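Computed from a predicted model, the values in this text were never measured in an experiment. Throughout, a chain's letter reflects where its sequence line sits, starting with A, and its residues are numbered from 1.
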Amino acid sequence: MALPDRFDPTAESKIYERWLDAGCFHADAKRSTRIGGDREPFTIVIPPPNVTAILHLGHALDDVTQDVIIRWARMKQQETLWVPGTDHAGIATQNVIEKQLATEGKTRFDLGRDAFVKRTEAFVAETGGVILRQLRAIGASADWSRTAYTLSPELSKAVREAFVRLYEDGLIYRGHRVIHWCPRCLTSLSDEEAEFEEETGAIYHVAYATSAGGGSREAGGTPSGASSSLQPPASQLVVATTRPETMLGDVAVAVNPADDRYTSLIGKTVRLPILDIEIPIVADDYADPAFGTGVVKITPAHDANDFEVGKRHNLPMPVVIDEHGVMNEGADARGRVPDFVRGEDRFAARKKIVKALQESGALVKTEQHQHNVRHCYRCDTVVEPRLSDQWFVKMAPLAKPALEGLRTGALRILPQKWEGVYTHWLENIRDWNISRQLWWGHRIPVWYCKDCDPPQNIHVSRDDLTACPACGGPVKQDEDVLDTWFSSWLWPLTTLGWPDEKSDDFRAFYPTDVLVSGPDIIFFWVSRMIMAGYRFVGRTPYHTVLLHGMARDTQHRKMSKSLGNGVDPLEVTRRYGADAMRWTLISGMGLGADIILDPNDLEKTFATGRNFVTKLWNIGRFLLEKAGTAAVRPVADLAPASLQRADHWILWRLDVAIAECDAALGPLRPVTPLDNADRVHWTESERYSGMRLNDLAETARRFVWNELADWYVEAIKSRLADGGPDAEVARAVLVHVFDAALRLLHPVVPFVTEAIWQQLPSHVEDTYLASALWPTRRASAADRGAHEFDLVRETVSALRQIRAEYAVPPGTSIAAVIVATNGTANVGRVFAEEATTFERLSRAELRVEQRAPGGAAAHAVLTGGTSLVVPLAGLVDVQKECTRLQSELTSLEKQLASLESRLGNEKFVSRAPADVVEGERRKLGEWSARRQQLREKVQALCGA
RNA sequence: GGGCGAAUAGCUCAGUUGGUUAGAGCGCCUGCCUUACACGCAGGAAGUCGGGGGUUCGAGUCCCUCUUCGCCCACCA
């Protein structure tokens, strides 16, 4: 039956269903060699997308990359597991629900905590996980029976286990300090979640009048009595600040103790403008003499550095900005927020303060200022440093083994350039603020007893507490939840059953193999998972971290919703099919390199993939129509003598393609034992090899299109049409090599390859390409027949070149003569015999002669000194041919000269590797022969 | 302010330890609807590998330097 001339992408979902029905993606722990089975396990855990997310191109990029690796491993007959799942995404999800509420004119506080959480749960249950269904549309071959969720009861239990263990080990502590606070999300953020953005702001120089006399150090925020000093009239200290509104919380100004300009003032006081109170001048190294005036105002409650200075000098810490970013008197701040700014937003207050300073003459000058301001990574609000109590994880002890793991090669990072980023971050790691003032997330497993005295009033527990374990009195659980990343850093552990280390899944599949991610979450996630792996089970969670690039638009901007420059992968899938998208992404993305796509021209952007899928489909169509579906003999059963040159050639090219694909993908895992059989490390030679998926794609494409379709298929058309035993040989070889090509291509374009493979004559019912065997190459090398076919190709190309160059009309025959010199007449016979296959295309008559015909002729010099000559009678401009020949001769002579000088160079001959020198010698011979022929040609045609 | 990366055909990119005459896709030009494919076939044009210096028999590849982009980190108010 006739197949349509294009692959129908709507068939993709049906193919996916069949894979599911056949259980192709299901992994069986029992089969893992780690628990007595006979297949090596190969595992990837998906970077869990936010449960409320919808698929965007970044996900597609990430997940297709993983799918290619997973499908490859599956075909290598590994017990292959790809764990899917979602992240509850604390802030992000809470924001979604709060936005919903806002449209109803409500806030979460109107609902109350329980109702809010219930509503969020309902929302997640109803619409959450959409992205997982979308992943099926792009072909993700995950084991859906193991779908995980960071807020599931199982994972929540594991999160508690981790918290309690760290607490018991003294690695979790409660700290009172200045943290990053988002006044919109109303929660604290980790250092990583507060992202720097460069902004143009202003820097204000404000004069603080120095009081005479020694202000008392503990003067702090309270106006220090009368400065009854006899010092000369007030001079002033000028401080520079980008945030004048915080001056209401100033408790001191600091100068560097080594700064001669100010040493005499240390211990004295200045008068804070507006509030008109005395604050001390302290000496602290934090003040940089080289910056600004060398004097810095100290606002301990609203700046992390000032906080440290305040602690060192035992200064009070008045809070003048509340959690909403509004000016209000907080702790220790009585009388510090004047009426004219009270209740004002911090930015509005800034203007008013500046104005007031201006009016009072305290504002010395204002300058434009480039600086980096931290923003909330979720809502982009400017982060407010805020003094509060938070839970922290002590990270330095966790970082050590993670650094060691990379050093010893227990894990590798691809591409290598990210190693430095990883190492630098870990070596300078800071403690991790894990509490969030949210309602959506894992509630911190800490209970406070009102009746016991601190610190005995803190109880950390794996189980919910209803009464104080110490005194039996009532307890109250910490109001905060844990940072989302506190559950995702356990992902490779928890999705496999941890803390139950005896579970089949954990024993069978941990450690996993490869972690695929974008470099933007090296700190948030990748590194922390490694730390958790070492901390909780003593082993790295994976041996390979593969970091791909980002999707960007043609202006190299990151694709994002807010910029509106995104490409919707589902739209692409609808229009061109998932395979077309997968192909375009994978083949266009070098290892770790960004991929540039044009969101305004999907047609052009995805043409590569779409065209390739169609080509593949049509090769399949040809095969089915011309070669039929009757069973074929295995290639191994064919008598070698029955194979034609073209058969030998394509089998050889297939071997080369397989070898190159294997090299592109590299080893599945490191193989060298480190200290025992369970622990392996990458050797230097393996360490940066493999995972070049674009190379896999390119190699396979070249084979199936430029070699199989362009040459082999053309070469056997007449053989197939002739029928008989030789047609059977050609059929068998065609089916064999195309089958193998489909296997090589399947990881990248799973749908179309499966659709075709199912119909191949070699197909065994109820088997799937998705779990078929990865091809291996034959032991034998290229034989003579294969090389001879290369000469046939060369001849045909030369004929076509001549035909095109002289505009020989299609359908017009040209007579070509193979002139064989150097005793290669037999090669000439090969051309005549085999190239007739292509005759219909080239409309050439081939003859073999031992001498060149006289008169004007177009020629092509072939490998081995043979020449193809086409009489030009009536066809051509002799002048033109003459010019062409001469320029060809000139360039050949130039290249020969440089080749000769190289070979004449003693150092080259003695220092270059033998094979290089030998190659150059061989080339010299070939080129010399070619030059001789060209010269003769020129002489015959052009006279002189 | 530190660190890292990039610069190769009109566009987007490959180019593994230095070693034939630097490749692909898209676009472009010419000719073809040749019975699998016009989302195709055949042929073609197009690159002083960002500039300059150096090492080497040999450099797109290694070193230095400059220029231009990009990313990450960082407590300079």
Whole-Å P distance, B/rU20 and B/rC29: 34 Å
Out of B/rC75, B/rC73, B/rA77, whichever nucleotide has its closest atom nearest the side chain of A/Arg374: B/rC75
base_contact_polar (B/rU20 base, A/Trp927 side chain, donor-acceptor, <3.5 Å): no
Residue-phosphate contact under 4.0 Å: A/Gln801 side-chain N/O, B/rG44 OP1/OP2: yes
Below 4.0 Å: OP1/OP2 of B/rC75 and any side-chain N or O of A/Arg430: yes
Quiz item: A/Lys604 side-chain donor-acceptor pair to B/rC26 base, under 3.5 Å: no
Value in whole Å for how far the P atom of B/rA74 lies from CD of A/Glu195: 11 Å
B/rC64 versus B/rU21 - spacing of their P atoms, nearest Å: 28 Å
Distance below 4.0 Å between A/Lys717 side-chain N/O and B/rA36 OP1 or OP2: yes
Touch class at under 4.0 angstrom, heavy-atom based, for A/Asn372 against every strand present: base
Sugar-phosphate only, base, or nothing, as touched by A/Pro913 at under 4.0 Å among non-hydrogen atoms: base
Presence of A/Trp705 side-chain N/O under 4.0 Å of B/rC41 phosphate oxygens OP1/OP2: yes
Counter-base of B/rU34, judged by Watson-Crick or G-U geometry with both distances under 3.5 Å: none
C1'-based separation of B/rA6 from B/rA14 [nearest Å]: 15 Å
Any donor-acceptor N/O pair under 3.5 Å between B/rA36 base and A/Glu714 side chain: yes
Atom pair distance, as rounded to whole Å: OH in A/Tyr712 and C1' in B/rC37: 19 Å
B/rU12 versus B/rC73 - spacing of their P atoms, nearest Å: 26 Å
Nearest-Å distance for atom pair CZ/C1', residues A/Phe622 and B/rG40: 15 Å
Distance below 4.0 Å between A/Lys626 side-chain N/O and B/rA36 OP1 or OP2: yes
Donor-acceptor pair present, A/Arg922 side chain and B/rU20 base, under 3.5 Å: no
A/Asn611 side-chain N/O to B/rG40 phosphate OP1/OP2 under 4.0 Å: yes
A/Glu384 bridged to A/Arg243 by N-O distance under 4.0 Å: yes
Pairwise 5' ranking along RNA chain B for A/Asn618 and A/Leu892, keeping only the more 5' one: A/Leu892
Same-atom distance (C1') from B/rU16 to B/rA74, integer angstrom: 35 Å
Spacing of OG1 belonging to A/Thr200 relative to CD belonging to A/Gln368, to within rounding of 0.5 Å: 6.0 Å
Length of the CG-P vector between A/Leu799 and B/rG31, whole Å: 21 Å
Which residue lies more 5' along RNA chain B, comparing A/Met589 with A/Phe612 via nearest heavy atoms: A/Met589
Nearest-0.5 Å distance that lies between atom CZ in A/Arg430 and atom CG in A/Asn428: 9.0 Å
B/rC41 OP1/OP2 closer than 4.0 Å to side-chain N/O of A/Lys615: yes
Sugar-phosphate, base or nothing in reach of A/Ala607, heavy atoms under 4.0 Å: nothing
Touch class at under 4.0 angstrom, heavy-atom based, for A/Arg701 against every strand present: sugar-phosphate
Sugar-phosphate only, base, or nothing, as touched by A/Ala240 at under 4.0 Å among non-hydrogen atoms: base
Below 4.0 Å: OP1/OP2 of B/rU20 and any side-chain N or O of A/Arg902: no
P spacing across the pair B/rA59 / B/rG40, given as an integer number of angstrom: 40 Å
Parallel, tilted or perpendicular: rings of A/Phe612 and A/Trp705 (30°, 60°): parallel
Sugar-phosphate, base or nothing in reach of A/Tyr204, heavy atoms under 4.0 Å: nothing
Rounded distance in Å - CZ (A/Arg582) to P (B/rG25): 22 Å
A/Glu199, A/Glu193, A/Glu195, A/His180 screened by side chain to side chain donor-acceptor pair (under 3.5 Å) with A/His375, the one that passes: A/Glu199
Options B/rG5, B/rG43, B/rC75, nucleotide nearest the side-chain atoms of A/Tyr286: B/rC75
Separation of the C1' atoms in B/rU61 and B/rG3, to the nearest angstrom: 23 Å
Atom C1', compared across B/rA45 and B/rG19: separation rounded to whole Å: 29 Å
Ring-face cation contact, A/Trp682 with A/Arg687, 6.0 Å cut, 45° max: no
Sugar-phosphate only, base, or nothing, as touched by A/Ala287 at under 4.0 Å among non-hydrogen atoms: base
Rounded distance in Å - CD1 (A/Ile596) to P (B/rC13): 4 Å
A/His369 side chain near B/rA77 phosphate (N/O to OP1/OP2, under 4.0 Å): yes
Under-4.0 Å salt bridge between A/Arg702 and A/Glu660: yes
